[in-house]
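Structure record follows, encoded as structure tokens.
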Amino acid sequence: MLELLFLLLPIAAAYGWFMGRNSVRTEERKEQKRFSKQYATGINLLLSDQPDKAVDLFVELLDVDSETIETHWTLGKLFRRRGEVDRAIKIHKNLTSLPNLSEHDRLTAMYELGKDYLSAGIYDRAEQMFAGLQSYKLFREKSQKHLLELYESTHEWDKAIKIALRLAKQSSHARVVLAQLYCELAELDDNIPSKIKHYSKALKHDSNCVRAVLSLGKIHMKEGEYGESINYLTRVFEQDKSFVCETIPLLEEAYEKTSDTHTFIEFLHSCVEHNAGITAAITLSEKICESQSIEDAEHFMTHVLEQHPTMRGFHHLMGLHIRAADVGNARDSLRRLRKMVHEHIVQRPNYKCRHCGFSGHTLYWRCPSCKSWATTKPIFGLDGE
């Protein structure tokens with residue numbers, strides 16, 4: 001009898017294991033079925049334009065199965081992209097308060113919550129989130145970039161510069177941004193020496209900062225230091241020739257003040273040779289007209305337009321033709337045609353962002369559309385320079 005009992009023990013153990021496992025599977029199936037039903041309910045609420053109830057349900061589901069956290073990241077980002085930031089905040093705020101969340105997921109929730117606050121314009125809370133995340137290596141750079149974005153939006157240039165200085169150690173683009181921030185600081189400063197110091201710092205971080213060079217040229221021009229102004233303004237040609245058109249009127253004045261028209265004409269010839277824009281060609285044609293003749297100026301402009309046709313160049317050439325033409329119907333027709341060309345020119349934008357394509361008549365150093373720094377430049381081509 002005792003021997004039979006020992007023989008039955010393995011069978012009893014196997015039966016107990018089988019029944020226990022079957023019971024666990026039954027519970028798992030019930031749990032999965034309940035989760036699927038609640039999840040489907042949540043989707044239906046979302047599709048039936050009842051997102052508040054859907055959010056509540058999805059948050060409850062997280063308590064049931066933390067593996068659904070990826071769904072919540074996706075849902076939060078979706079709401080933020082749709083502009084429903086309050087709902088995104090609700091999701092991410094609930095995630096940060098969960099006790100069973102891993103450290104990485106908790107920090108990710110804080111990061112996403114910071115982005116929600118930034119999108120909603122709740123800058124103090126966004127700053128608090130990103131400032132705290134700077135202590136963690138994985139989130140440091142991303143958080144600093146958002147802090148920079150925040151300080152740019154609030155025009156807190158001193159704070160923005162502190163963040164940009166940290167980012168500039170690893171990024172050349174951050175150095176470009178840093179230079180622009182110093183320029184912003186300079187524009188708020190009424191003290192000339194201090195102003196010059198800020199622009200000099202901008203050039204220290206980005207030697208190709210056209211904005212700083214242009215501004216320094218204008219400052220020295222205003223101070224009557226024409227030689228120094230010329231040194232800065234001619235430097236733009238080497239930095240970015242697309243901005244030469246911004247310097248021509250200033251250089252013409254500066255060279256006139258120093259009685260050095262010959263050097264100015266040489267500079268204009270160099271600009272035309274390197275296709276630095278139609279403004280240089282138009283100005284040079286006027287100098288040719290003054291020193292030689294209208295016919296020589298017409299011949300010069302015709303040659304330039306054959307190489308690089310622009311509406312502004314054509315408009316100027318028509319003006320030369322009108323001056324040379326005899327009084328009569330032909331001259332009147334040219335004037336009417338020139339007026340039509342002028343109307344077309346004034347309707348076309350002068351500047352365009354190379355990043356997003358935003359265009360307009362004003363030179364913005366920070367694009368109003370994509371918020372990129374130093375991406376807006378004068379337009380080149382038929383309707384531009």
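Everything numeric here is computed off the predicted structure, so don't read it as measured data.
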Legend entry - Side-chain heavy-atom pair D240, N208 within 4.5 angstrom cut-off: no
Inset, instruction - Keeping the roles fixed (side chain from T362, backbone from Y364), state whether a donor-acceptor pair exists under 3.5 Å. - result: no
Inset, instruction - For atom CD of Q128, decide whether the heavy atoms of other residues, nucleotides or ligands shown that lie under 6.0 angstrom number more than 12. - result: no
Legend entry - Check: E149 main-chain N/O paired with S153 side-chain donor or acceptor under 3.5 Å: yes
Legend entry - Distance-only polar pair, side chains of S359 and R348, donor-acceptor under 3.5 Å: no
Legend entry - Common cluster, I282/M318, ILVMFWY with side-chain heavy-atom separation under 4.5 Å: no
Legend entry - Nearest-0.5 Å distance, NZ of residue K201 to SG of residue C183: 12.5 Å
Inset, instruction - Assess whether atom NE2 of H262 is packed by more than 12 heavy atoms of other residues, nucleotides or ligands within 6.0 Å. - result: no
Legend entry - side chain to side chain contact (heavy atoms under 4.5 Å, CB included) evaluation trace for W157 with H198: CA-CA 12 Å; W157 306 122; H198 289 314; over 6 Å; no
Inset, instruction - Kindly assign one of parallel, tilted or perpendicular to the pair W365 and F243, based on the angle between their ring planes and the thresholds 30° and 60°. - result: parallel
Inset, instruction - Would you mind reporting whether H316 and E286 have side-chain heavy atoms less than 4.5 Å apart? - result: yes
Inset, instruction - Spell out, yes or no, whether Y136 and L95 are grouped together once hydrophobic residues are joined by side-chain heavy atoms under 4.5 Å, including indirect joins. - result: no
Legend entry - D190, CG atom: more than 12 neighbouring heavy atoms under 6.0 Å: no
Legend entry - Cationic N near anionic O, under 4.0 Å, E141 to K169: no
Inset, instruction - Treat each ILVMFWY residue as a node, draw an edge where side-chain heavy atoms are under 4.5 Å apart, and state whether L250 and L216 are in one component. - result: yes
Legend entry - R166 side, atom CZ; L147 side, atom CG - distance, nearest 0.5 Å: 8.5 Å
Legend entry - Shortest non-hydrogen contact between F380 and K241, atoms and distance: CZ-O, 4.3 Å
Inset, instruction - State plainly whether the residues D116 and R80 are in salt-bridge range, i.e. N to O under 4.0 Å. - result: yes
Inset, instruction - Find out if a path of hydrophobic residues (ILVMFWY) with successive side-chain heavy-atom gaps under 4.5 Å connects F314 to I278. - result: no
Legend entry - Atom of S97, atom of N94 and distance for their closest heavy-atom approach: OG-O, 2.8 Å
Legend entry - Donor-acceptor contact below 3.5 Å, side chain R140 vs main chain Q134: yes
Legend entry - Contact summary for C289 and I294, nearest pair of heavy atoms: SG-CG1, 3.4 Å
Inset, instruction - Go through the steps for V85 and Y117 under the test side chain to side chain contact (heavy atoms under 4.5 Å, CB included), then give the verdict. - result: CA-CA 8 Å; V85 188; Y117 286 140; over 6 Å; no
Inset, instruction - Look up atom CD in E253 and atom OH in Y226, then write down how far apart they are to the nearest 0.5 Å. - result: 6.5 Å
Inset, instruction - Answer yes or no: are there more than 12 heavy-atom neighbours, outside K93 itself, under 6.0 Å from its atom NZ? - result: no
Inset, instruction - Measure the shortest side-chain to side-chain distance between T310 and D383 over non-hydrogen atoms and say whether it is less than 4.5 angstrom. - result: no
Legend entry - R175 (side chain) donor-acceptor with D206 (main chain) under 3.5 angstrom: no
Legend entry - Geometric class of the H269/F300 ring pair [parallel <30°, tilted 30-60°, perpendicular >60°]: perpendicular
Legend entry - Taking every non-hydrogen atom, the tightest pair across L148 and A164: CD1-CB, 4.2 Å
Inset, instruction - Taking the side chain as every heavy atom from C-beta outward, state whether L118 and Y123 have any pair of such atoms under 4.5 Å apart. - result: yes
Legend entry - Side-chain H-bond candidate by donor/acceptor type, Q180 with R211, under 3.5 Å: yes
Inset, instruction - Answer yes when E252 and K287 have at least one side-chain N-carboxylate O distance shorter than 4.0 Å, and no when they do not. - result: yes
Legend entry - Main-chain N/O of E266 paired with S270 side-chain donor or acceptor, under 3.5 Å: no
Legend entry - Point-to-point distance, once rounded to the nearest 0.5 Å, from CD1 of I248 to CG of L284: 9.5 Å
Legend entry - Sidechain N-carboxylate O distance under 4.0 Å for R235, E238: no
Legend entry - Residue pair T96 / A109: nearest heavy atoms and the distance that separates them: CG2-CB, 3.5 Å
Inset, instruction - Mind checking the OG-CE spacing from S143 to M129? Nearest 0.5 Å is all I need. - result: 11.0 Å
Legend entry - Min side-chain heavy-atom separation V177-H173 under 4.5 Å: yes
Legend entry - Point-to-point distance, once rounded to the nearest 0.5 Å, from CG of L305 to CG of L317: 6.0 Å
Legend entry - Check against side chain to side chain contact (heavy atoms under 4.5 Å, CB included), Y255 and T261: CA-CA 6 Å; Y255 277 114; T261 307; 5.9 Å; no
Legend entry - I219 side chain near I192 side chain, heavy-atom distance below 4.5 Å: yes
Legend entry - R312 to T279 - nearest heavy-atom pair and separation: NH1-OG1, 3.1 Å
Legend entry - Salt bridge E156-K162, side-chain N to carboxylate O under 4.0 Å: no
Inset, instruction - Mark yes or no for whether R354, through its side chain, and T375, through its backbone, hold a donor-acceptor pair below 3.5 Å. - result: no
Inset, instruction - State, yes or no, whether a side-chain contact exists between Y182 and K204 at a heavy-atom distance under 4.5 Å. - result: no
Legend entry - Salt-bridge present (K218, E187; N to O < 4.0 Å): no
Inset, instruction - Could you tell me whether the side chain of K352 and the main chain of G357 form a donor-acceptor pair under 3.5 Å? - result: no
Legend entry - Non-hydrogen side-chain atoms of Q239 and V236 separated by less than 4.5 Å: yes
Inset, instruction - Group every Ile, Leu, Val, Met, Phe, Trp and Tyr by side-chain heavy-atom contacts under 4.5 Å, then state whether L268 and L320 land in the same group. - result: yes
Inset, instruction - Assess K142 against Y111: is NZ or CZ under 6.0 Å from the centre of the six-membered ring, and within 45 degrees of the ring's axis? - result: yes
Legend entry - K159 with E127: basic N within carboxylate O range, under 4.0 Å: yes
Inset, instruction - Check the pair I122 / D124 against side chain to side chain contact (heavy atoms under 4.5 Å, CB included), numbers first and verdict last. - result: CA-CA 6 Å; I122 309 173; D124 55 339; 3.5 Å; yes
Legend entry - Among H344, H342, H321, ring-ring contact (aromatic ring centres under 6.0 Å, His included) partner for H315: H342
